[in-house]
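Below is one structure; the comments refer to it alone.
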Amino acid sequence: MLRFHLLFMHFLTFTILSSCFTATAQQGHSNINIGSSLSPNGNSSWLSPSGIYAFGFYQQSNGSSYFVGVFLAGIPEKNVVWTANRDNPPVSSNATLFFNSEGRIVLRSTEQGQDSIIADDSQSASSASMLDSGGFVLYDSDGKVIWQTFDHPTDTILPTQRLLAGMELFPGISKTDPSTGKFRLKMQNDGNLIQYPKNTPDTAPYSYWTSFTDGKGDNVSLNLDENGHLFLLNSTGFNIRNLTEGENPTEGMMYLMKIDSDGIFRLYSYNLRRQNSTWQVLWESTNEKCDPLGLCGFNSFCILNDQTPDCICLPGFVPIIQGNWSSGCARNYTAESCSNKAIEELKNTVWEDVSYSVLSKTTEQNCQEACLKDCNCEAALYKDEECKMQRLPLRFGRRKLSDSDIAFIKVDATASSNSGKPFSRDGKKAQRKDIVIISCLFVALIILILATFGIFIYRYRVRSYRIIPGNGSARYCEDIALLSFSYAELEKMTDGFKEEIGRGSSGTVYKGTMINGKFVAVKRLQKMLAEGEREFQTEIKAIGRTHHRNLVRLLGYSFDVSNKILVYEYMSNGSLADVLFTPEKKPNWVERMGIACSIARGILYLHDECESQIIHCDIKPQNILMDENRYAKISDFALAKLMKPDQTRTFTGIRGTRGYVAPEWHWNLPITAKADVYSFGVVLLEIICCRRCFDQNLPEDQVILEEWVYQCFENGNLGQLIEDEDVDKKQLERMIKVALWCILDEPSLRPSMKKVLLMLEGTMDIPIPPNPTSFLTTI
Ligand SMILES: *[C@@H]1O[C@H](CO)[C@@H](O)[C@H](O)[C@H]1NC(C)=O
Ligand SMILES: *[C@@H]1O[C@H](CO)[C@@H](O)[C@H](O)[C@H]1NC(C)=O
Ligand SMILES: *[C@@H]1O[C@H](CO)[C@@H](O)[C@H](O)[C@H]1NC(C)=O
Ligand SMILES: *[C@@H]1O[C@H](CO)[C@@H](O)[C@H](O)[C@H]1NC(C)=O
Ligand SMILES: *[C@@H]1O[C@H](CO)[C@@H](O)[C@H](O)[C@H]1NC(C)=O
Ligand SMILES: *[C@@H]1O[C@H](CO)[C@@H](O)[C@H](O)[C@H]1NC(C)=O
Ligand SMILES: *[C@@H]1O[C@H](CO)[C@@H](O)[C@H](O)[C@H]1NC(C)=O
Ligand SMILES: *[C@@H]1O[C@H](CO)[C@@H](O)[C@H](O)[C@H]1NC(C)=O
Ligand SMILES: *[C@@H]1O[C@H](CO)[C@@H](O)[C@H](O)[C@H]1NC(C)=O
């Protein structure tokens, strides 16, 4: 049967070739010997005997660059079925491909300067052949096959080719770019054929299509025959599932199965005998184009527009790169505080569920309220009376008309009322426009009134401030709601400064109780720089104006000649140092990533979103406090200006470590926000590895965390850093890369906190970091 088929193909393609395929200067050889070569401008490919398939250079659709692969040379649409080294950049027309004397097929291009080997096999070949099946094969001197493209599929399976257990297909990035795209089709060892996004674990929550054949034995394979029959065979050769039934044998029909860049895999047919034939889709894994998980980037979801998938940002979010779906969306930042939020509702959308907390047997209303009340909650997924609270980013979003899932997204209360709702929930656009205009006018009016009122209040307050005496009982300080305490009051609140809960370079902290029973942390500052009342008040005002859920709130202060005291909200779970370095309290990976992002958000706020930039100058785990929900908040910010300089720098001076302190401190260079980025980088490494940046109890090469991390990074051995903890490898690599960028010696090379956060959240690509080890030589 196969032989007949091939004979037929010979005959058929002979006629086709002689009629429409005479112009190109290709050779008809199928036996390729050592010494042969190809180049884009000369003999550019080796044809199979029938002339249908060819191996060699194919042109990228944009013209001037080429890839090497197997393609259909015998039809007008020269579809590519296999690409060599698909993730390497394309080559120019100056490239050459040759079968060298060592028995390897090598691609040499002038711009890359280095040869790349096409068939990565240690054995050397003595001949090669482009077969009519579409396979390109290398043989040893005995004529035995030592390597073939069929064993290394990229995105396509041809008739007689098999996808064996453990093998995967990856689509191209787009129709014209063959580099590895975002999805995969895996023939699993458990017998299931499954589609997943790239870089996800092989587990059910990530699969978006399955053949439901698990438990059918080891070594199940996916097969395609010459009649378009796509099926799964178990290891004893029994057909366990038909994906397609196949067609009656028809002369000149060709089939191929391909996973397309949209994440769906399809069976195509092409009729060689028909004039102007095109590829027809005979079958596809799904016709729901939004099904492939991860089609849209973070914080956006997929929606069908006339059968074409489209990505839409969550309410309150904007695309990170306009026109690029995969880049995802980010919050259109305004000052981040926990209050003044509202909830927007998205019906019929489904998301990846990585809830940190679940309320069961609850109503939609309660779910919304619970999320609003919880500062950690950025969104909640509601279904079947279950409310699943989420942090950002939300992944794998898509609309499913048949589902009852609702997503509640937290947005700024002000933004939601005037954002004009970019989401088409129904067709009444005109009406909505009116509403938008009216509400805009309304909001404008309110703003005007508020502004007038505000100016009035401001004037009044400023005038009245001057007559407030310098000390006395609790009262409000100018335009910020800070309480002013007398020393005697604080003495009473802390029971005579009895319970010490912390001691740092800036002072000692005591536990206190307010009249309403709430606990507070009372900090007695030492060695103040700003001695006068005026300077002290100015600095305190700056701190008092900061409102962010990742910063410890300053509640009040006390000031007299000998005592300068700050009153903060009480954080019941101690410091990050406590949590990270106490084995029983060690947070899991997901919690740790949450902590890292929280700290980054807090620092970003200090750097970019305050009235005047605040550089913390002393970011370290001891200064990150944990509230009762183990939510991280930064403390002691803005104290740098209040303290004498030597109080803010903690040198360790041991063998090249500088702890959390950026090198510019030692070099007497101006201190910028990048000094905090450095310290954050060190803290991030500690969060990842759950160990201190300097630990003499460890083996020699691990003592200095930065050095050890870079060593592991260079050796591609990141698993060592987290011992046997089960973490997402890609995420781990991303975190390490971010940290390595942060701890570069040169301040200008370190990313800004904004970039750091985008990189942590995975919404921005991270280049390979350079080696930071100059820290060995700088002290
Ligand atoms: C193509 O190959 C043929 C046969 O090997 C050879 O005669 C011809 O010169 C080659 N053409 C070019 C442009 O190299
Ligand atoms: C063609 O695309 C490749 C990669 O996508 C790019 O490197 C090359 O510059 C492009 N060439 C032109 C002429 O646009
Ligand atoms: C090809 O090589 C020639 C000469 O070596 C050079 O002038 C030309 O710029 C190269 N073309 C490309 C596309 O690299
Ligand atoms: C293959 O399937 C057949 C029929 O279902 C079954 O009898 C046989 O045991 C299976 N082989 C293996 C190795 O599971
Ligand atoms: C599956 O294939 C592997 C490797 O080819 C082989 O070691 C194993 O015995 C096979 N299992 C079965 C059940 O055939
Ligand atoms: C698959 O289809 C073939 C005919 O094409 C049939 O003989 C076989 O029983 C079918 N197998 C299953 C599992 O449906
Ligand atoms: C085939 O295509 C050509 C040009 O693309 C057109 O002129 C011709 O009518 C087409 N023939 C058929 C049978 O569709
Ligand atoms: C879109 O964004 C992703 C991730 O940010 C990036 O990898 C990709 O190259 C971008 N694509 C285009 C066409 O710009
Ligand atoms: C938010 O987005 C809107 C429109 O996309 C833009 O006009 C506004 O400046 C943005 N706000 C911030 C704070 O970036």
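First listed ligand is number 1; within each ligand, the first listed atom is number 1. Scope of the values below: all heavy atoms of this structure, side chains included, with no hydrogens, waters or symmetry mates. Since the structure is predicted, the reported quantities are computational estimates derived from the model, not experimental observations.
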Within the structure, does at least one protein heavy atom fall under 4.0 Å of atom 9 (O) of ligand 6? no
Among non-hydrogen protein atoms, atom 4 (C) of ligand 6 lies closest to E245 OE1, 4.0 Å
Lys/Arg N to Asp/Glu carboxylate O, E385 vs K361, below 4.0 Å: no
Is it the case that N223 and R162 place a side-chain donor and acceptor less than 3.5 Å from each other? yes
Heteroatom distance test (T236, ligand 4): nitrogen or oxygen, under 3.5 angstrom: yes
Polar contact flag for N242 and ligand 6 (N/O pairs, less than 3.5 Å): yes
Heavy-atom proximity to atom 13 (C) of ligand 4 ranks first, among S235, G191, G215, G217, for S235
Proximity winner for atom 12 (C) of ligand 4, if only heavy atoms of V220, L233, D218, N234 are counted: N234
Would you call the rings of F136 and W46 parallel, tilted or perpendicular, taking 30° and 60° as the class edges? parallel
Whether over 12 other heavy atoms sit under 6.0 Å from E723 CD: no
Electrostatic pair D202:K186 at N-O distance under 4.0 angstrom: yes
Below 4.0 angstrom, N of the basic side chain to O of the carboxylate: do K289 and E284 qualify? no
Contacting atoms of ligand 6, where contact means under 4.0 angstrom from a heavy atom of N239: 1 (C), 11 (N), 13 (C)
